[in-house]
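For reference, the structure discussed in these notes is given below.
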Amino acid sequence: MSHSSTQLIHHPYKPPAGFESVSPPVHKASTIIFPSVAALRSRDWKHKTGYTYGLHGTPTTFTLEERIASLEGGKFCTLAPSGLAAVTLVDMALLKAGDEVLIPDNAYGPNKAFAQAELAAWGISHQLYDAMNPADLAAKLNIKTRLVWLEAPGSITLEFPDLPALVDIVKAHNQSASQSHAQGAVTAIDNTWGAGLAFNAFALGIDISMQALTKYPSGGADVLMGSVVTHSEALHQLLHFCHMRVGFGVSGNDAEGVLRGLNSIGLRYAAQDATTRQLAAWLQGQPQIEAVLHPALPDSPGHAQWKRDCSGAACLFSAVFKPDISSQQIDQFCDSLKLFRLGYSWAGPVSLCVPYDMPALRVARPWPHKGGLVRFAVGLESVADLQADLAQGLARL
Ligand SMILES: *Cc1c(COP(=O)(O)O)cnc(C)c1O
C-alpha cells in the first residue's frame with residue numbers, strides 16, 4: 001500500500017460502534033466484498049440472511065422493505081424502481097403465454113397500456129372489467145384468468161369499488177377451478193391511494209398489495225419507487241426471483257428519501273385528507289360544476305363502500321364541469337390557477353391539476369357525463385389559499 005490511489009480505496013476508517021443516528025445509514029453498493037471464496041459461495045440473498053450484490057439488496061433497502069411490509073400489514077416486500085415497474089413486476093412474475101389478466105376499466109392508465117402492448121405481444125391476453133359492477137368481473141373470469149387487478153378508488157374518477165365482493169367472486173371462481181384441478185387467479189391491488197393507511201388490503205382478503213412509493217411514502221415529489229407486498233411466501237418467491245431476473249434494483253439514496261418520508265406519512269395523509277374534503281365540498285356548491293368525485297361525498301360513486309371499508313381518504317378529487325363550459329375554457333381555468341400547478345403525480349407538497357378527456361379512457365362502462373373533467377391533487381398548502389385560487393379561476397369562466 002505505497003501508492004496514495006490504493007490507500008484511498010483501501011482506507012481503514014470504520015464508523016464507531018456507538019454512533020447511533022435517528023435515521024438509518026444510507027448503504028450504497030453494486031459490489032459487496034466477501035471475506036473468502038467460501039463466504040462468496042455460501043451467502044444467501046434469497047432469504048435476506050446475507051448480502052451478495054447491490055441489485056439484490058442492501059441494509060438500507062432491506063430496512064425500507066420491512067417498513068413498507070409492516071405499514072401494509074403484510075409479511076414480504078419487494079422494491080421496484082417506480083410504481084409502474086411494481087405493476088409490471090407483478091404481471092411478469094405471475095403471467096405466462098396463454099394466461100389472461102383482468103384489469104379494472106378505471107385503473108391507472110399505464111397498467112392497461114402494458115397489457116395492451118407488452119403482455120399482448122408475449123401471448124398474454126387481458127380484459128377490462130367494470131369494477132363498479134361485480135357481476136361484470138364474474139362474467140369475465142375464465143379458465144385462463146391468472147391475475148385480477150383491483151384498484152380503489154379508480155384512477156382519475158375515484159369511484160370506490162366493493163372490494164370484498166370482488167375478492168369473494170375471485171375466491172368462488174378459484175374454488176370451482178380447484179375442483180376441476182384447474183389453476184385459479186391471484187388478486188393484486190394498486191394500493192397507492194390507500195397507502196396502507198386508509199384500509200388494510202390483506203384484511204380484505206387480497207393476495208398482493210402494490211404501491212407507488214413515489215406518492216405518499218416519499219411525499220416529496222422527488223423520488224420514483226414502487227413496492228409489492230404479500231403475506232404468502234410462495235407468491236413472494238415468484239416476485240422475488242422475477243425481480244432478480246429483470247434487474248429491478250433501487251438506489252440507496254432513493255430508498256433513504258422514502259425512509260425519511262415515511263416518518264411523516266400519517267400526519268401528511270391526515271392533513272391532505274382534511275384539506276381535500278373541505279375543497280371538494282366547497283367546489284360541489286359552485287355554479288360551474290356539475291359533479292365532484294371524492295369517495296367521502298355522499299353522491300360520489302361507491303361512497304357506501306368507502307364508508308364501510310376505509311378510515312380515511314387521500315388527497316385527490318375530480319370536478320366535472322357543466323356541459324356548457326367548453327374544453328378550451330377548462331384549459332384556460334387550469335392555466336389561470338396559481339397554486340395548483342400543472343403536472344402529473346400527487347401526494348407531494350405542491351397542489352396539482354390535470355384536465356382529462358374521459359370518454360376516450362372508458363371501455364367497459366360508458367362515461368356518464370358530458371362536461372370536461374379536471375383531477376386535482378391537493379398538496380400541503382393552506383386550505384384557504386387553495387380555495388381562493390380555485391375561486392379566482394372559476395370567476396374567469
Ligand atoms: C403514480 C401511480 C402509479 C405509478 O407510479 P410511478 O412511480 O409514477 O411509476 C401507479 N398507480 C397509481 C394509482 C399511481 O397514482
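Note that ligands are numbered from 1 as they come in the structure, with each ligand's atoms numbered from 1 the same way. Excluded from the calculations below are hydrogen atoms, water molecules and symmetry mates; all remaining heavy atoms, backbone and side chain alike, are included. FYI, the numbering just counts along the sequence from 1.
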Out of V378, V374, L297, which one pairs with F317 under the side-chain contact (heavy atoms from CB on, under 4.5 Å) rule?
-> V378
Salt bridge present between R362 and E159 (N-O < 4.0 angstrom) | yes
Is the shortest side-chain N to carboxylate O distance from D168 to K171 below 4.0 Å?
-> no
Using the ring of Y129 (Phe, Tyr or Trp, six-membered ring only), decide whether K140 places NZ or CZ under 6.0 Å from its centre and within 45 degrees of its axis.
->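 Here K140 fails the 6.0 Å and 45° test against Y129.
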Which protein N or O atoms sit under 3.5 Å from any N or O of ligand 1? Give each pair with its distance.
residue  : atom   : partner : partner atom : Å
ligand 1 : 7 (O)  : G83     : N            : 2.7
ligand 1 : 7 (O)  : T214    : OG1          : 2.6
ligand 1 : 9 (O)  : G83     : N            : 3.2
ligand 1 : 9 (O)  : L84     : N            : 2.8
ligand 1 : 11 (N) : D190    : OD2          : 2.6
ligand 1 : 15 (O) : K215    : NZ           : 2.6
ligand 1 : 15 (O) : W346    : NE1          : 3.0

Is a side-chain N or O of S326 found less than 3.5 angstrom from the main chain of Q329, in a donor-acceptor match?
-> yes
Check: residues 386-397 side-chain donor-acceptor pairs under 3.5 Å, at least two apart:
residue : atom : partner : partner atom : Å
D389    : OD1  : K338    : N            : 2.8
D389    : OD1  : Q392    : NE2          : 3.0
D389    : OD2  : K338    : N            : 3.1
D389    : OD2  : L339    : N            : 2.7
D389    : OD2  : F340    : N            : 3.1
Q392    : OE1  : R396    : NE           : 3.2
Q392    : NE2  : S336    : O            : 2.9
Q392    : NE2  : D389    : O            : 3.3

